Student: 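Sharing a structure below in structure tokens format, with a few things to ask.
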Amino acid sequence: MELQINNLSKTYPNGVKALDDISLTIPTGMYGLLGPNGAGKSTLMRTIATLQEPDSGSIALGDINVLTQKHELRNVLGYLPQEFGVYQKVSALNLLNHMAILKGITNKSERKGLVEALLERVNLQDHRKKAVSGYSGGMRQRFGIAQALIGNPQLIIVDEPTAGLDPGERNRFYNLLSEIGENVIVILSTHIVEDVRELCSNMAIINAGQLLYNGTPIAATTALEGKIWEKATSKAELEILSQSHTVVSTKLVSGKPLIHVYSETDPGSGFQQIPANLEDVFFTQILANQPA
Ligand code: ADP
Ligand code: MG
């Protein structure tokens with residue numbers, strides 16, 4: 001099954017063009033939607049999840065016309081929104097049970113088994129009787145995945161799930177996501193390049209509502225082969241270099257800027273050619289598509 005998005009556009013009443021003629025084909029497996037804050041990721045995800053309407057364009061999941069067959073889509077959808085509501089003092093067990101009822105799982109013993117299995121799967125069984133409102137960030141996100149998995153969804157949408165997680169929580173969350181399986185479509189949005197590198201077999205980069213790249217992470221870095229150059233520099237020299245070079249990224253290493261520049265030929269000045277990474281792809285795409 002594939003998710004096919006064609007010429008999707010959305011302008012909010014305040015004039016912000018959040019989606020600008022987006023066309024994408026998303027296969028099964030983990031798909032990374034990478035873009036800075038305000039790129040349009042949540043707008044795209046809410047639109048796919050049938051929670052808001054585009055101005056124009058179409059979306060199909062296999063045979064389902066997403067924009068007209070909302071009910072059919074919701075039956076096969078698992079969705080973890082970016083802002084996952086704050087709960088009152090309801091235990092994970094009771095909350096999941098309640099959500100399973102809402103998803104139409106009316107048989108009590110079936111539901112009990114399902115809820116237990118989900119809690120086990122996201123490793124919250126020892127905390128199942130604790131209130132979700134008292135969970136850590138990582139536990140909340142794992143709970144969020146559990147609720148998204150109710151009813152064996154074919155399409156799972158998780159919007160910035162790793163924001164605010166510490167490195168340990170992020171790792172546990174990565175492991176959980178990558179276990180979800182290769183036979184469903186999982187769309188993960190993030191502004192963190194590392195999330196995509198570690199998890200996703202396919203990806204898109206969006207910025208200001210526009211699609212800048214769509215393909216595999218490997219093809220994206222291969223396209224930059226031989227064009228990324230690195231130099232450890234000083235703050236003063238960086239100012240001069242940025243006048244004459246396309247500085248793709250700047251990272252402080254022991255307080256000194258380590259910079260990457262994009263150049264088709266040897267930029268001189270002591271730069272070393274290095275293999276391009278996904279961060280280079282992300283920033284070169286955004287630089288290349290910035291309005292003048
Ligand atoms: P992302 O999830 O990539 O951060 P969003 O889809 O949330 O991006 O937002 C894309 C753009 O649309 C931003 O400029 C944002 O301010 C704007 N936007 C999002 N939601 C609304 C809304 N309900 N009304 C008006 N503007 C919005
Ligand atoms: Mg968002």
Side-chain angles (χ1 to χ4, degrees), residues 3 5-26 30-59 66-67 70 73 77-86 137-138 140-145 147-148 155-165 169-170 173-174 177 185-200 202-215 217 220 249 278-279 281-292:
L3 183 73
I5 297 166
N6 285 318
N7 307 106
L8 207 64
S9 291
K10 170 73 183 180
T11 302
Y12 284 110
N14 60 3
V16 173
K17 191 157 206 173
L19 299 176
D20 188 357
D21 200 27
I22 298 266
S23 295
L24 271 181
T25 303
I26 302 184
M30 291 283 295
Y31 192 91
L33 198 59
L34 183 63
N37 287 331
K41 303 181 296 295
S42 294
T43 300
L44 179 58
M45 294 182 128
R46 285 194 303 264
T47 308
I48 299 168
T50 75
L51 298 173
Q52 70 179 66
E53 302 280 342
D55 297 331
S56 56
S58 64
I59 310 173
V66 173
L67 300 179
K70 293 191 171 66
L73 190 277
L77 172 74
Y79 176 53
L80 176 55
Q82 183 168 358
E83 307 293 340
F84 195 43
V86 180
R140 271 187 207 207
Q141 291 303 66
R142 281 184 280 138
F143 176 82
I145 287 292
Q147 64 80 29
L155 171 64
I156 296 169
I157 295 178
V158 288
D159 195 354
E160 302 245 10
T162 63
L165 301 192
E169 287 177 327
R170 171 171 288 143
F173 193 77
Y174 280 173
L177 272 185
I185 300 172
V186 182
I187 311 176
L188 163 105
S189 80
T190 183
H191 61 273
I192 303 164
V193 175
E194 200 176 313
D195 289 350
V196 172
R197 181 169 51 232
E198 302 210 355
L199 287 170
C200 300
N202 289 284
M203 65 177 286
I205 298 175
I206 66 169
N207 188 37
Q210 295 182 335
L211 180 70
L212 304 185
Y213 177 79
N214 175 27
S249 69
L278 255 195
E279 218 146 85
V281 172
F282 183 53
F283 291 117
T284 46
Q285 287 293 345
I286 285 174
L287 280 175
N289 288 281
Q290 225 152 42

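Counting convention: from 1, in listed order, for ligands and their atoms alike. On a predicted model such as this, the values are computed, not experimentally measured, just so you know. We count residues from 1, following the sequence as given.
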Student: If you measure every N/O of Ala39 against every N/O of ligand 1, is any gap under 3.5 Å?
Tutor: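 Yes; the residue has a nitrogen or oxygen that sits under 3.5 Å from a nitrogen or oxygen of the ligand.
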Student: Considering non-hydrogen atoms only, spot the tightest contact between Ile206 and Pro36 and give its length.
Tutor: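 In this case the closest contact between Ile206 and Pro36 is O-CD, 3.6 Å.
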Student: Can you report which non-hydrogen protein atom sits closest to atom 23 (N) of ligand 1, along with the distance?
Tutor: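 Minimum-distance protein heavy atom for atom 23 (N) of ligand 1 reads Tyr12 CE2, 3.7 Å.
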Student: Got a salt bridge between Arg140 and Glu169, using NZ or NE/NH1/NH2 to carboxylate O under 4.0 Å?
Tutor: no
Student: Mind checking whether Pro36 contacts ligand 1 via backbone (N, CA, C, O), side chain (CB onward), both or neither, at a 4.0 Å heavy-atom cut-off?
Tutor: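 Backbone only; the side chain of Pro36 stays clear of ligand 1.
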Student: Side chains of Tyr174 and Glu194: is there a donor and an acceptor less than 3.5 Å apart?
Tutor: no
Student: If we count only non-hydrogen protein atoms and require a distance under 4.0 Å, does atom 21 (C) of ligand 1 qualify as touching the protein?
Tutor: yes
Student: Find the distance between CG (Leu211) and CG (Asp21) and round it off to the nearest 0.5 Å.
Tutor: 10.0 Å
Student: Can a donor-acceptor pair be found, under 3.5 Å and without considering hydrogens, that links the side chain of Gln82 to the backbone of Glu160?
Tutor: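 It does not hold such a pair.
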Student: Find all atoms of ligand 1 within a distance of less than 4.0 Å from any non-hydrogen atom belonging to Asn14, and give their numbers and elements.
Tutor: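 Listed by number with element: 25 (C), 26 (N).
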Student: Do Asp55 and Ser9 have a side chain donor and acceptor closer than 3.5 Å?
Tutor: no
Student: Considering all heavy atoms of both residues, which atom of Gly40 and which atom of Leu19 are nearest to each other, and what is their separation?
Tutor: O-CD2, 3.7 Å
Student: Write out the residue and atom name of the closest protein heavy atom to atom 9 (O) of ligand 1, then the distance separating them to 0.1 Å.
Tutor: Thr43 OG1, 3.9 Å
Student: Do any nitrogen or oxygen atoms of Ser42 come within less than 3.5 Å of a nitrogen or oxygen of ligand 1?
Tutor: yes
Student: Tell me, which protein N/O/S atoms are under 2.8 Å away from the Mg ion (ligand 2)?
Tutor: Ser42 OG, Gln82 OE1
Student: So, does Gln147 use its side chain to make a donor-acceptor pair with the main chain of Gly144 at under 3.5 Å?
Tutor: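 Yes; judged by distance alone, with no hydrogens or angles, the pair exists.
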Student: For atom 4 (O) of ligand 1, which protein heavy atom lies nearest, and how many Å away is it?
Tutor: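 Protein heavy atom at minimum distance: Gly38 N, 2.7 Å.
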Student: Do Ser249 and Glu279 get their side chains close enough for a donor-acceptor pair, meaning under 3.5 Å?
Tutor: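 No, Glu279 and Ser249 have no side-chain donor paired with an acceptor closer than 3.5 Å.
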Student: Evaluating non-hydrogen atoms only, which member of Lys17, Gln52, Lys41 is closest to atom 3 (O) of ligand 1?
Tutor: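 It is Lys41 whose heavy atom sits nearest to atom 3 (O) of ligand 1.
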Student: Which of the atoms of ligand 1 are close to Asn37, meaning less than 4.0 Å from one of its heavy atoms?
Tutor: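 Numbered from 1, ligand 1 contributes 4 (O).
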Student: Check the pair Tyr31 / Asn214 against side chain to side chain donor-acceptor pair (under 3.5 Å), numbers first and verdict last.
Tutor: CA-CA 10 Å; Tyr31 192 91; Asn214 175 27; 2.7 Å; yes
Student: Do Lys41 side-chain atoms and Leu33 backbone N/O form a donor-acceptor pair below 3.5 Å?
Tutor: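 No.
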Student: Which residue and non-hydrogen atom of the protein lie closest to atom 8 (O) of ligand 1, and at what distance in Å?
Tutor: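 I find the closest protein heavy atom is Gly40 N, 3.1 Å.
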Student: At the 4.0 Å heavy-atom cut-off, does Gly35 count as touching ligand 1?
Tutor: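 No, that is not the case, since the closest heavy atom of the residue is not under 4.0 Å from the ligand.
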Student: Among all protein heavy atoms, pick out the one at the shortest distance from atom 15 (C) of ligand 1; state its residue, atom name and that distance to 0.1 Å.
Tutor: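 In this structure, atom 15 (C) of ligand 1 has Val16 CG1, 4.7 Å as its nearest protein heavy atom.
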Student: Can Phe282 and Val196 be said to form a side chain to side chain contact (heavy atoms under 4.5 Å, CB included), step by step?
Tutor: CA-CA 11 Å; Phe282 183 53; Val196 172; over 6 Å; no
